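Some notes on the structure that comes next.
The structure presented is a predicted model; accordingly, all values stated were derived computationally and were not measured.
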Amino acid sequence: MNRRELVNAVAGHTGQGSKEVDGTIRGLVDVIIANVAKGEVVSIPGFAKFSKRQTKARMGRNPQTGAPVKIPARTKARIAPLKIYKDVVLGVQKPPKIGVAPAAPVAKKAAPAKKAVKATKKAAPKKAATKKAVPAKKAAPRRPRRRPPKRQPSAVERMGLIHS
């Protein structure tokens, strides 16, 4: 779901206009980012907790050479899902129902009656755009699995002292 789809879904659920919802979502994101950048923790109950986390400098190892490597201290962004969100996503709890909110009643004025006007010119019907069929891409054939080479006998085994 992208931003536009989210805005339309929330607008349909709450009955507000799309522009109002879009402004609200943009404002929410801006406030969360600004407060987390200051170092504050922002928690939305039932959804997630946004925070800034400092890691300490530490020593690590290069996996290829085994040489010690200094890993510098860092600042990381952390978003932790909260219990209700995890329960709904994992299927422990039922998700909330999403529906279209009833539209607010709008009072309309009765329009004055108009005389019918004959149309002298008819618009030509629009032609539908035709799409060309694109053949589906085929997957590349899989290579056979490469087997490791046979183990070479050790010097002791070659001399005949040990049988494998």
Side-chain angles (χ1 to χ4, degrees), residues 1-111 126-152 154 164:
M1 176 178 273
N2 62 24
R3 180 186 202 93
R4 184 177 298 144
E5 292 169 344
L6 176 65
V7 167
N8 291 336
V10 172
H13 182 67
T14 61
Q16 295 179 340
S18 296
K19 288 185 178 181
E20 295 170 355
V21 172
D22 188 41
T24 303
I25 290 175
R26 286 181 191 275
L28 173 71
V29 170
D30 291 343
V31 169
I32 290 172
I33 290 171
N35 285 324
V36 172
K38 290 180 198 174
E40 295 178 27
V41 176
V42 178
S43 180
I44 301 173
F47 179 61
K49 186 165 110 176
F50 303 86
S51 60
K52 182 176 175 180
R53 198 179 101 202
Q54 299 284 349
T55 61
K56 297 178 182 176
R58 59 190 172 93
M59 292 301 290
R61 292 221 175 263
N62 182 337
Q64 290 181 335
T65 62
V69 176
K70 184 178 179 184
I71 300 171
R74 289 186 165 175
T75 303
K76 295 184 177 183
R78 180 172 168 84
I79 302 172
L82 298 179
K83 183 171 180 8
I84 295 172
Y85 174 80
K86 287 192 282 187
D87 288 348
V88 170
V89 170
L90 298 175
V92 176
Q93 190 175 351
K94 289 184 179 181
K97 291 183 180 180
I98 298 176
V100 177
V106 178
K108 290 187 178 181
K109 288 185 177 180
K126 293 183 180 180
K127 292 183 180 180
T130 57
K131 290 187 177 182
K132 294 182 181 180
V134 179
K137 292 184 180 179
K138 292 184 179 180
R142 297 186 93 176
R143 290 190 310 179
R145 190 170 161 206
R146 189 172 175 202
R147 293 185 180 194
K150 288 187 177 180
R151 187 177 79 75
Q152 296 293 324
S154 67
S164 57

So which atom in [X] and which in [Y] form the shortest heavy-atom distance, rounded to 0.1 Å?
X: L82; Y: G46; result: CD1-N, 3.9 Å
X: S18; Y: V7; result: O-CG1, 3.4 Å
X: M1; Y: A9; result: CE-CB, 4.2 Å
X: M59; Y: K70; result: SD-CA, 3.8 Å
X: E20; Y: Q16; result: OE1-CB, 3.6 Å
X: K86; Y: P81; result: CE-O, 3.7 Å

Subject >> With R78, the side chain to side chain contact (heavy atoms under 4.5 Å, CB included) member among K49, K52, R53 >> reply: R53
Roughly how far apart are [X] [atom1] and [Y] [atom2], rounded to 0.5 Å?
X: R26; Y: R3; atom1: CZ; atom2: CZ; answer: 4.0 Å
X: N35; Y: E40; atom1: CG; atom2: CD; answer: 4.5 Å
X: F50; Y: I33; atom1: CZ; atom2: CD1; answer: 9.5 Å
X: I44; Y: L28; atom1: CD1; atom2: CG; answer: 5.0 Å

Original post:
Considering residues, nucleotides and ligands other than Q54, do more than 12 of their heavy atoms fall under 6.0 Å from its CD?
Top reply: yes
